[in-house]
Every structure is written in C-alpha cells, then in structure tokens.
Amino acid sequence: KNQVEQSPQSLIILEGKNCTLQCNYTVSPFSNLRWYKQDTGRGPVSLTIMTFSENTKSNGRYTATLDADTKQSSLHITASQLSDSASYICVVSDRGSTLGRLYFGRGTQLTVWP
Amino acid sequence: EADIYQTPRYLVIGTGKKITLECSQTMGHDKMYWYQQDPGMELHLIHYSYGVNSTEKGDLSSESTVSRIRTEHFPLTLESARPSHTSQYLCASSDRGGTEAFFGQGTRLTVV
C-alpha cells in the first residue's frame with residue numbers, strides 16, 4: 001500500500017532557530033516528491049519538488065533532501081520566522097498510472113514562537 | 001502565483017440543500033483533483049479527472065459528483081448536503097507530466 005508518513009506530528013520552536021521535518025514513503029514506482037506549506041484555512045503552496053535523480057533542492061530558507069534508496073526526505077528550515085508557522089505536507093507522486101497519483105502525508109504542524 | 005480559483009471561499013447552508021463548488025484553472029492543465037480535508041488531518045482524494053469528459057472517484061467515498069465539460073472547469077456538486085459533509089474542499093490541477101501541481105485556496109463548507 002502506498003503511504004507517506006511524516007514526523008513529528010507537531011513541533012514548536014523559537015524564532016530564529018532551525019528545524020528539520022521528516023518524511024518516509026512507500027510509494028512505488030516513484031515519480032517525484034514535493035513539500036508544501038499550508039497556512040490555516042488556505043490551500044497548500046509548493047515549496048520544493050524533487051525527482052528521483054535529485055537529492056537536494058533549496059528554496060530560500062527551505063532545503064529539502066531526498067534519499068530515493070531509503071525512501072526518505074527531509075525539509076530543513078533555517079532561521080525560522082513567525083510566518084513559518086503552518087502545516088508542512090510531504091506529497092509523493094507515482095508514475096505507475098497515467099494519472100500520476102499524489103499521496104499525501106498528514107503534515108507536520110510547525111509553530112514558531114517569538 | 002497559481003491560476004486556480006475556487007468559489008465560494010466559505011459557505012454555510014442548511015441540510016438537504018443542493019450546492020455546487022466551483023473550481024477553475026487557466027493553466028491549461030489536463031489533470032484536476034478534488035480533495036477533502038478535515039482540520040488537522042491529511043488531504044483525501046475524492047474525485048479526479050484526466051481531461052475533458054473523464055472523471056473518476058478517488059480514495060475517499062463521497063456522495064458528491066463532478067463533471068469536466070471544459071478543460072478549465074471542474075465543479076463539484078452535492079445533491080443533498082448533510083452535516084457530515086462539513087469540511088474543507090480543495091481543488092488542484094497538474095500538468096500532464098505531473099511536475100506542476102497547484103492548489104486553490106479551498107472552500108470551507110459548513111452544513112447546519
């Protein structure tokens with residue numbers, strides 16, 4: 001069964017600190033992995049996307065890594081800001097069908113305190 | 001910024017009413033999706049479409065229906081709303097290769 005597991009479920013950090021969010025998946029055959037940021041009551045917004053051959057991708061203070069062998073990904077946030085408070089969702093796409101299905105993790109709820 | 005729009009953003013209706021949630025995208029994407037998301041929970045796929053006149057049910061059983069008469073438009077209809085339909089509904093689209101996927105802002109539906 002294709003699954004995406006994220007940890008931790010929730011995280012509280014102080015402004016200016018770094019943090020790392022984890023994503024493990026069993027989706028196969030793998031196509032790509034995305035990290036999304038979802039503010040409360042809004043739609044998810046894409047942060048990074050990585051294909052099989054990519055093992056790191058940065059977007060400002062966000063850096064995602066991918067280990068396709070162990071089927072693990074991480075999202076590292078540097079020098080956190082209050083506006084980083086949101087849910088971060090790992091989404092894996094397969095290529096086993098014409099659709100390219102998207103499989104979602106439950107997300108990590110990040111809270112940044114001043 | 002993604003060109004995918006959902007209306008309305010918020011909707012409160014009475015039980016038994018028929019409603020249609022609108023979703024439009026101007027990116028020419030073939031694939032479109034509807035997801036249901038309860039607070040603090042993951043997104044569940046309820047409908048998807050490969051293209052015009054193509055619709056399929058997703059993983060989560062839903063009493064809603066969809067149509068895809070035009071590429072840019074993918075409305076979702078509930079014939080008779082119930083309190084159990086209270087949730088956030090998110091529409092998304094992606095290009096044929098699946099490398100781009102964008103979400104709308106969502107419709108928060110409350111059935112009283």
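Lettering of chains follows the sequences in order, A, B, ..., and the numbering in each one begins at 1.
- Ring centers of Y33(B) and F103(B): at least 6.0 Å apart, outside the cut-off.
- Of the listed residues (Q37(B), E56(B), Q6(B)), the one with the most heavy-atom contacts under 4.5 Å to chain A is Q37(B).
- For the atom pair K57(B) NZ and Y48(B) OH, the distance stands at 11.5 Å (nearest 0.5 Å).
- Checked by atom type, the side-chain pair T51(A)/N32(A) shows no donor-acceptor distance below 3.5 Å.
- Only the side chain of Y36(A) has a heavy atom closer than 4.5 Å to any heavy atom of chain B.
- Side-chain contact between P75(B) and S67(B) is present, with heavy atoms from C-beta onward closer than 4.5 Å.
- With a 4.5 Å cut-off on non-hydrogen atoms, L90(B) touches chain A through its side chain but not through its backbone.
- Atom OH of residue Y10(B) and atom OG1 of residue T107(B) lie 10.0 Å apart, to the nearest 0.5 angstrom.
- No other option in H44(B), R108(B), Q88(B) has as many heavy-atom pairs under 4.5 Å with chain A as Q88(B).
- There is no contact between Q6(A) and chain B, counting heavy-atom distances below 4.5 Å.
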